[in-house]
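As structure tokens, the structure follows; a few thoughts come after it.
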Amino acid sequence: MAISIQFPDGQKKEFSNGITALEVAQSLGGKIAKTAIAARLNGNLVDISTPIESDAAIELVPLNSEDGLDIYRHTAAHLMAHAVKDLYGDDVQVTIGPSIENGFYYDFFSEKHTFTPDEFETIEKRMTELAAADLPIHREVLDREEAIRMFREMGEAFKVELIEDLPDQQVSIYRQDNFADLCRGPHLPSTKLLKAFKLTSVAGAYWRGDEKKAMLQRIYATAFLDKKELKAYLQKLEEARKRDHRKLGKELDLFSFSEEAGAGLAIWHPKGALLRTLLEDFERREHLKRGYDIVVGPQILRTDLWQTSGHYNNYRENMYFTEVDGQGYGIKPMNCLAHMLIYKSKLRSYRDLPLRFFELGTVHRHEKSGVLHGLLRVREFTQDDAHLFCTPEQLNDEITGVIKFVQDVMGIFGFDFELEISTRPEKSIGTDEDWERATEALMAALRGTGLPFDINEGDGAFYGPKIDVKLKDALDRRWQCATIQCDFTLPERFDLTYVGKDGGKHRPVMLHRVILGAIERFVGVLIEHFEGKFPLWLSPVQAVVLNVTDNQQEYAEKVFLQLRDGGIRVKKDLRNEKLSFKIREAQQEKVPYMLIIGDQEMAEGTVTPRFRTGKNLDAMTPEEFAKLVGEECAKYK
């Protein structure tokens, strides 16, 4: 019996019932016949060996596509697990191994063995041998109980637990030689297609992300279609290691973390605190220019307020709670509640709107210890948080204004960015109608700007959809920082109103937004983006005065004081050391300017500025240097 298969261009062809996706590809000939490694049947990804037994729409997936690369990396994860089992046998149990951006990982459990990077070469060698063996990879469907019995006999307790928690009566496994793994697939048809991979690091991870469950060992790896791409990526990784904000933060003496203080709590040293202050002052200026009012809310608010807002039921696992005089309080994880209380503090008219309340608000969130990562993921952080209250008619202009604000600020820091709209998650509050209105408002504003955007299904805040801004740094990595959330729900819950033109009460719309996001996270991103070489206006130390010999010490001290009193962030290094040594130290500290003072400069009342790149400027007076710095920094004020 013939079946009809429709292709992406709308063309239909008839084939015999039971033909595989691979045979369909081969019938087409050309490049796709050689590169197809999977297919989408009626929108679902399947193995290339899948038989087609009814009319269907097909899209063949080539290896060099986004889906193809994801399948390639997921298959590489199985290859790594196969190699580990071959090498360590029953000493190691396998758990899960997904593909991730630029690679994959696999989590292993062992009470007997601890993996170290020294073993990576051995594991990679075995992976290469298995890949070269051209092992066919095939899918089997087993009854649930049969699969449980099989993995139990194999001693794979974690696989047994996964199957027991599945509602399905049948499960799929993938086999390659003597290795079998529970998996939905799809996978490559053979191991021989795996050409270029590299193990990169090992870390701890809790089973199913639960701190109360077993600690696993997660081996991270990267994989690309050829060795040239892999080499380029590994070079980028090496550059990323050099730029790691934790490493540079220590070298530049910006911040630290201490177990005595507690995990996820940054301690800012003088230069780091000054860097923060410069960023925060910049933020205040930019917000005041755009019609925002600066406000400050309390660090703790009564628990019943968090119940009204929905945070208690939807977010409390991320919150800290305490009790004062027998009354429960929640330490704020967000700043919106106090801003709504300010709005409610008096009667509002449509003539007052829009209102834009801005706060550099410090918040606390109970992040799991396993996800804490330097400044990028902490438990205490400060947001450049604002809440905009407007009429429905003003909503588009307000969203567009925030997008323009993001564009202006990211341009100053040299970031390109991508946009996506995150829609309603499963755990949420509010009516379908309000969610639809809010989502459409965000989409309409983005369409009006002409900026491209993607849809990220189910990743909105619990009270509303959001536009997420993903920055692209100097290494082309993506960082989530700015966000714009549209909220019809909390104004309803807190009974926020304004008097309209008709004299009646109306409900305002509320926008939650940040521009930089968490100051801590943004500083971490900036450190890595600039490799610690901050632009002059943002550098905690803009210049260091260096004398050649002790003969110039008195004049150098005078120059230092003159520049400091003139508002330049200047340090001095008047030690009796070789000038080359002092220059090298200043370069390591990534100070923008070194001001060299020798006998000639002292005689002429000048300094010779040397940029951190090694470029020397002509000698100039301290006043001329101060003017140069002032003119450069004025661009950002």
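All of these numbers come straight from a predicted model, not from anything done at the bench. Numbers here are sequence positions counted from 1.
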Practice prompt. Give the intermediate values and the outcome of salt bridge (Lys or Arg N to Asp or Glu O under 4.0 Å) for residues E359 and K332.
Written response: CA-CA 13 Å; E359 176 177 6; K332 68 175 179 178; 3.2 Å; yes
Fill in: side-chain contact (heavy atoms from CB on, under 4.5 Å) between R569 and L278, worked out
CA-CA 11 Å; R569 298 188 294 276; L278 293 167; 3.4 Å; yes
Item to complete: Take H387 and N335, measure what side-chain hydrogen bond (donor to acceptor under 3.5 Å, both in side chains) needs, and give me the verdict at the end.
Response: CA-CA 9 Å; H387 294 89; N335 300 292; over 6 Å; no
Fill in: Derivation and outcome, salt bridge (Lys or Arg N to Asp or Glu O under 4.0 Å), residues D408 and R290
CA-CA 12 Å; D408 290 346; R290 290 170 171 82; 3.0 Å; yes
Item to complete: Tell me, with the steps shown, if Y463 and H512 meet ring-ring contact (aromatic ring centres under 6.0 Å, His included).
Response: CA-CA 10 Å; Y463 45 77; H512 310 243; 4.5 Å; yes
Item to complete: Take N547 and K572 through the side-chain hydrogen bond (donor to acceptor under 3.5 Å, both in side chains) test and state the conclusion after the steps.
Response: CA-CA 9 Å; N547 59 328; K572 58 185 177 181; over 6 Å; no
Worksheet item: Does the pair D244 and R246 meet the rule for a salt bridge (Lys or Arg N to Asp or Glu O under 4.0 Å), with working shown?
Response: CA-CA 5 Å; D244 190 313; R246 296 166 298 179; 2.7 Å; yes
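Looking at heavy atoms from C-beta onward, V94 lies in side-chain contact with F108 at the 4.5 angstrom threshold. Between F413 and L538, the closest side-chain pair of non-hydrogen atoms falls below 4.5 Å. Within the 4.5 Å cutoff, no side-chain heavy atoms of N102 are placed close to those of L237. By the 4.5 Å heavy-atom criterion applied to side chains, R276 and T382 are counted as neighbours.
Between D468 and K470, no side-chain nitrogen of the basic residue sits less than 4.0 Å from a carboxylate oxygen of the acidic one, so the salt-bridge criterion is not met. Ion pairing of E239 with K236 is absent here, as no side-chain N (NZ or NE/NH1/NH2) approaches a carboxylate O to less than 4.0 Å. Contact check on E585 versus R575 returns a salt bridge, with a Lys/Arg side-chain nitrogen under 4.0 Å from an Asp/Glu carboxylate oxygen.
A side chain to side chain contact (heavy atoms under 4.5 Å, CB included) with W268 is found for one member of L274, V523, L275 and no other, namely V523. Each of R477, R243, K247 was scored for a side chain to side chain donor-acceptor pair (under 3.5 Å) with E528, with one residue passing: R477.
K590 NZ: more than 12 foreign heavy atoms inside a 6.0 Å radius. In the displayed structure, E238 atom CD is contacted under 6.0 Å by more than 12 heavy atoms of other residues, nucleotides or ligands. Annotation for K213: atom NZ counts as buried by contact number, over 12 foreign heavy atoms lying within 6.0 Å. Within a 6.0 Å radius of CG in D476, more than 12 heavy atoms belonging to other residues, nucleotides or ligands are found.
Side chain of Q217 to main chain of V202: no donor-acceptor pair is present (N/O by atom type, distance under 3.5 Å, no hydrogens or angles).
Remark: K472 engages no residue in a salt bridge (charged side-chain N to carboxylate O under 4.0 Å, His left out) (not counting sequence neighbours). By the side-chain contact (heavy atoms from CB on, under 4.5 Å) test, K427 is found to be paired with N314, E317, residues two or more places apart in sequence or in another chain being considered.
With a 6.0 Å cutoff to the six-membered ring centre and a 45° limit on the axis angle, R73 counts as a cation-pi contact of F224.
Residues F611 and Y593 bring their aromatic ring centres within 6.0 Å. Aromatic ring centres of Y106 and F104: separated by at least 6.0 Å. Less than 6.0 angstrom separates the ring centroid of W537 from the ring centroid of F282.
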